[in-house]
**Q** 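Let me give you the structure first, and then I'll get to my questions.
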Amino acid sequence: MEAANYSDEYFPSAPVLTVSLAAPEESSTTEEFSALVDTGADGTFVPASILDKLDLPIAYMTNVSAHVGGNLHRAPVYIVDMTLLGTIHLPSVEVVGDDWGDRIILGRNVLNKLRIHLDGPNETISVSE
């Protein structure tokens, strides 16, 4: 089981994991990024600026809505290989290219593949496959 600390970049502090991305079946990955663990998000969102570096084709387009206002937006979906905490490898993950946000948000399409223990009082998160 891998562990990480909550981030105080959020108020109140929130669980985050380090994430790197790669084109499917490619060995080169992006740098590591901090990703917010969001059990309320259906999908995983990655800023377009990060995905552009991987030069990925769009798998398909989808409609997404923001939690505030609920306005629908068309957004591209990409397929990536994801590594969490440097050791947990998740191949062929669908992520939404996010043109309006600047943070990676890990949604249930990723979180439901993992065993996660949130320890709020100690502000730690433990993760295993």
Side-chain angles (χ1 to χ4, degrees):
M1 184 160 284
E2 301 293 326
N5 293 319
Y6 280 32
S7 171
D8 59 8
E9 287 183 40
Y10 301 90
F11 183 80
S13 59
V16 296
L17 299 173
T18 57
V19 173
S20 61
L21 306 171
E25 301 180 21
E26 295 279 328
S27 59
S28 64
T29 64
T30 62
E31 62 189 278
E32 286 189 332
F33 297 94
S34 177
L36 176 67
V37 173
D38 186 347
T39 60
D42 296 336
T44 295
F45 293 80
V46 176
S49 59
I50 295 171
L51 293 169
D52 288 345
K53 294 176 185 176
L54 295 174
D55 195 30
L56 299 167
I58 295 172
Y60 61 91
M61 297 293 290
T62 191
N63 291 319
V64 296
S65 67
H67 68 282
V68 177
N71 295 330
L72 285 178
H73 302 278
R74 294 288 289 163
V77 176
Y78 300 89
I79 308 297
V80 299
D81 288 350
M82 183 178 288
T83 303
L84 303 170
L85 299 170
T87 60
I88 300 170
H89 303 286
L90 301 174
S92 301
V93 175
E94 291 185 357
V95 299
V96 175
D98 187 352
D99 284 331
W100 54 94
D102 62 353
R103 297 179 189 245
I104 297 175
I105 298 172
L106 295 175
R108 289 189 311 274
N109 72 312
V110 168
L111 302 176
N112 286 347
K113 297 177 182 187
L114 305 167
R115 285 187 173 84
I116 299 174
H117 176 80
L118 299 175
D119 182 346
N122 290 313
E123 295 191 349
T124 59
I125 177 172
S126 301
V127 182
S128 63
E129 288 185 77

**Q** Which residues pass the side-chain hydrogen bond (donor to acceptor under 3.5 Å, both in side chains) test with D99, not counting sequence neighbours?
**A**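 Applying side-chain hydrogen bond (donor to acceptor under 3.5 Å, both in side chains) to D99 gives none.
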
**Q** Can I get a per-line list of side-chain donor-acceptor pairs under 3.5 Å for residues 107-116, giving both atom names and the distance, sequence neighbours left out?
**A**
from : atom 1 : to   : atom 2 : distance (Å)
R108 : NH1    : T39  : O      : 3.0
R108 : NH1    : G40  : O      : 3.4
R108 : NH2    : D42  : OD1    : 2.4
N109 : OD1    : T44  : N      : 3.0
N109 : OD1    : T44  : OG1    : 2.8
N109 : ND2    : E94  : O      : 2.8
N112 : ND2    : R108 : O      : 3.4
R115 : NH1    : E129 : O      : 3.1

**Q** List the residues meeting salt bridge (charged side-chain N to carboxylate O under 4.0 Å, His left out) with E9, not counting sequence neighbours, and say none if there are none.
**A**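 Scan of E9 (salt bridge (charged side-chain N to carboxylate O under 4.0 Å, His left out), adjacent residues dropped) gives R103.
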
**Q** Can you pull out every ring-ring contact (aromatic ring centres under 6.0 Å, His included) where at least one residue sits in residues 109-129? Sequence neighbours excluded, please.
**A**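 Sorted pair list comes back empty.
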
**Q** N63: what forms a side chain to side chain contact (heavy atoms under 4.5 Å, CB included) with it, not counting sequence neighbours?
**A**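 In terms of side chain to side chain contact (heavy atoms under 4.5 Å, CB included), with neighbours along the sequence ignored, N63 is linked to L72, R74.
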
**Q** Could you go through the side chain to side chain contact (heavy atoms under 4.5 Å, CB included) check for I58 and Y78 one step at a time?
**A** CA-CA 5 Å; I58 295 172; Y78 300 89; 3.7 Å; yes

**Q** In chain order, what residues pass the side chain to side chain contact (heavy atoms under 4.5 Å, CB included) check against S92, with sequence neighbours excluded?
**A**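 Expected list: I79, D81.
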
**Q** Among residues two or more places apart or on two chains, list those pairs meeting ring-ring contact (aromatic ring centres under 6.0 Å, His included) that have a residue in residues 11-49.
**A**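 Found none.
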
**Q** A14: what forms a side chain to side chain contact (heavy atoms under 4.5 Å, CB included) with it, not counting sequence neighbours?
**A**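 By the side chain to side chain contact (heavy atoms under 4.5 Å, CB included) rule, A14 matches Y10, L36.
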
**Q** Show me the donor-acceptor pairs within less than 3.5 Å that the side chains of residues 18-26 make with the rest of the protein, sequence neighbours left out.
**A**
none

**Q** List in chain and number order the residues that pass side-chain hydrogen bond (donor to acceptor under 3.5 Å, both in side chains) with T30, two or more places apart in sequence or in another chain; answer none if no residue qualifies.
**A**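 side-chain hydrogen bond (donor to acceptor under 3.5 Å, both in side chains) list for T30, sorted by chain: empty.
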
**Q** Just jot down the ring-ring contact (aromatic ring centres under 6.0 Å, His included) partners of H73, sequence neighbours excluded, or say none.
**A**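 Only W100 meet the ring-ring contact (aromatic ring centres under 6.0 Å, His included) criterion with H73.
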
**Q** For S13, enumerate each residue passing the side-chain hydrogen bond (donor to acceptor under 3.5 Å, both in side chains) test, keeping only those at least two apart in sequence or located in another chain.
**A**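 In terms of side-chain hydrogen bond (donor to acceptor under 3.5 Å, both in side chains), with neighbours along the sequence ignored, S13 is linked to E123.
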
